[in-house]
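Report on the following structure.
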Protein chains: 2
Amino acid sequence: MAEATLIRNQAEEVKALQDTIYVIGGKWKLPIINSICNGNKRFRQIERSIPGITTRMLSRELKEMEMNKLIKRTVYPDSPVLVEYESTPYCKTFGNIILAMIDWGKEHKKYIQEEN
Amino acid sequence: MAEATLIRNQAEEVKALQDTIYVIGGKWKLPIINSICNGNKRFRQIERSIPGITTRMLSRELKEMEMNKLIKRTVYPDSPVLVEYESTPYCKTFGNIILAMIDWGKEHKKYIQEEN
DNA sequence: CAGGATCCTGTAGGATACTG
DNA sequence: CAGTATCCTACAGGATCCTG
């Protein structure tokens with residue numbers, strides 16, 4: 001009985017893990033979330049803050065993230081047009097994951113350097 | 001000066017984040033690490049513990065993870081042959097990330113359910 | 001500045017069958 | 001049980017140029 005409970009919980013945890021991987025999968029979603037949560041609001045600003053990303057990928061991901069209510073897009077129709085992206089509360093729920101991953105990346109870098 | 005420091009640190013953090021994404025990228029690495037850290041040792045056991053994975057993907061990932069010292073593979077040449085996988089200390093450094101992602105997945109599920 | 005439009009490619013990943 | 005071997009393809013992602 002205790003074992004059955006243990007097994008069922010593990011199954012739930014794998015699924016939770018897989019759900020999360022599905023949602024934040026790919027190379028760009030987390031870096032973009034991180035950038036916007038760090039206060040970057042403008043398209044080019046976000047773009048420049050993420051090494052390697054192209055306008056095409058950033059554009060695509062931002063659109064998808066707006067649909068999924070991860071970010072809010074506001075247009076100020078002056079000329080030239082001004083567009084601002086903001087994080088939503090939902091967006092911030094990824095904070096712990098991002099922090100854990102930044103930590104790991106830093107430790108990993110130390111580890112690699114010590115090897116040489 | 002303070003700002004320059006801030007900016008530089010943010011750049012480092014993005015890179016750390018991107019490094020981590022690179023290392024654990026794809027659908028399967030984290031679930032496999034999780035499974036092995038949970039005590040699953042045998043190939044079929046690991047396979048059954050991860051919904052959706054195929055023998056091909058599990059085989060490939062295990063091989064790569066062994067090369068990268070994430071796991072240890074031991075063969076007991078009785079017949080039928082017995083093979084056991086174990087997590088290394090390095091493997092366990094992903095613990096925080098996995099826990100954060102499991103947490104997020106569980107919360108996300110609640111959130112989805114409340115919507116209906 | 002904020003993107004859209006096109007074109008292109010590698011490879012992650014799936015399906016299926018087979019072996020010692 | 002513990003994998004290999006093939007075959008296949010969708011799509012993530014890159015490169016480049018263009019527009020209001």
Side-chain angles (χ1 to χ4, degrees), chain A residues 14-15 17-36 39-68 70-87, chain B residues 14-15 17-36 39-68 70-87:
Chain A
V14 198
K15 284 173 191 168
L17 180 55
Q18 292 191 106
D19 286 349
T20 306
I21 291 171
Y22 178 77
V23 172
I24 64 182
K27 288 172 70 173
W28 303 119
K29 287 198 184 59
L30 287 184
I32 293 171
I33 292 172
N34 181 244
S35 175
I36 296 181
N40 295 312
K41 294 176 180 303
R42 316 283 296 276
F43 190 92
R44 298 292 178 199
Q45 192 181 19
I46 298 166
E47 189 178 13
R48 266 178 269 122
S49 76
I50 304 173
I53 199 169
T54 60
T55 63
R56 180 175 175 278
M57 288 312 292
L58 181 54
S59 172
R60 276 186 24 162
E61 300 279 12
L62 284 174
K63 220 176 278 175
E64 191 186 329
M65 288 165 67
E66 194 197 354
M67 281 178 36
N68 298 339
L70 277 169
I71 53 176
K72 207 184 127 205
R73 180 177 185 270
T74 315
V75 183
Y76 302 93
D78 304 315
S79 96
V81 172
L82 176 65
V83 180
E84 280 193 1
Y85 294 93
E86 291 170 84
S87 58
Chain B
V14 198
K15 283 173 191 166
L17 180 56
Q18 292 190 104
D19 286 348
T20 306
I21 291 172
Y22 179 77
V23 173
I24 64 181
K27 289 174 68 173
W28 304 118
K29 287 197 183 61
L30 287 183
I32 293 172
I33 291 173
N34 182 244
S35 175
I36 296 182
N40 295 312
K41 293 176 181 303
R42 316 284 296 276
F43 190 92
R44 297 293 177 199
Q45 193 181 19
I46 299 167
E47 188 178 13
R48 266 178 270 121
S49 76
I50 304 174
I53 199 168
T54 60
T55 63
R56 180 175 175 276
M57 288 313 294
L58 181 56
S59 172
R60 278 187 21 163
E61 300 279 13
L62 285 174
K63 221 176 277 175
E64 190 186 328
M65 290 166 66
E66 194 196 355
M67 282 178 36
N68 298 339
L70 277 168
I71 54 176
K72 207 182 128 206
R73 180 178 185 271
T74 315
V75 183
Y76 302 93
D78 304 315
S79 93
V81 172
L82 176 63
V83 180
E84 280 193 1
Y85 295 93
E86 290 172 85
S87 57

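The sequence lines fix the lettering, A, B, ..., with proteins before strands; numbering per chain opens at 1. In this text, all values refer to a predicted model and were calculated from it rather than measured experimentally.
- In this structure, B:Asn40 atom CG and D:dC1 atom P are separated by 13 Å, rounded to whole Å.
- Within the nucleic acid shown, B:Tyr76 has no heavy atom closer than 4.0 Å to any nucleic acid atom.
- Minimum heavy-atom separation, B:Ile36 to B:Glu86: CG2-C, 3.8 Å.
- Closest to the side chain of A:Val83, from the set D:dA15, C:dA2, D:dT4, is C:dA2.
- Between A:Glu47 and A:Arg44 there is a salt bridge, with a side-chain nitrogen of the basic residue lying less than 4.0 Å from a carboxylate oxygen of the acidic one.
- Rounding to the nearest 0.5 Å gives a distance of 12.5 Å between CD1 of B:Ile71 and CD of B:Glu84.
- You'll find that the side chain of B:Thr55 is closest to D:dT4, out of C:dC7, C:dC1, D:dT4.
- Dashed line: the shortest gap from a side-chain N or O of A:Tyr85 to OP1 or OP2 of C:dC1 is not under 4.0 Å.
- One cannot find a donor-acceptor pair under 3.5 Å joining the base of D:dT16 and the side-chain atoms of A:Arg56.
- Atom CG in B:Leu58 sits roughly 10 Å away from atom P in D:dT4 (whole-Å rounding).
- Remark: P of C:dG13 and CD of A:Gln18 are 12 Å apart, rounded to the nearest angstrom.
- Nucleic acid contact for A:Arg42: sugar-phosphate only, since backbone atoms but no base atoms lie under 4.0 Å from a heavy atom of the residue.
- Remark: P of C:dG4 and CD of A:Glu64 are 14 Å apart, rounded to the nearest angstrom.
- Among the atoms of the strands shown, only primed sugar atoms or phosphate atoms (P, OP1, OP2) are found under 4.0 Å from some heavy atom of A:Lys63.
- From A:Tyr85, atom OH reaches atom CD1 of A:Ile46 across 7.0 Å, with rounding to the nearest 0.5 Å.
- The side chain of A:Phe43 lies closest to C:dG3 when the candidates are C:dG3, C:dG4, D:dG3.
- Side chain of A:Thr54, nearest nucleotide from C:dG3, D:dG14, C:dC1: D:dG14.
- Proximity note for A:Ser59 (side chain, C-beta onward) versus C:dG13, D:dG14, C:dG4: the nearest is C:dG4.
- Looking at A:Arg60, its side chain has no donor and acceptor atom pair within 3.5 Å of the base of C:dG3.
- Atoms CD1 (B:Ile50) and C1' (C:dG14) sit 16 Å apart, rounded to a whole Å.
- The interatomic distance linking B:Gln45 (CD) with D:dC1 (P) rounds to 10 Å, in whole Å.
- Rounded to a whole Å, the CD1 atom of B:Ile32 is 14 Å from the P atom of C:dA12.
- B:Pro31 and A:Ile21 make their closest contact through CD-CD1, 3.6 Å (heavy atoms, listed as atom of the first residue, atom of the second, distance).
- Separating the CD1 atom of A:Ile53 from the P atom of C:dG3 is a distance of 13 Å, rounded to the nearest angstrom.
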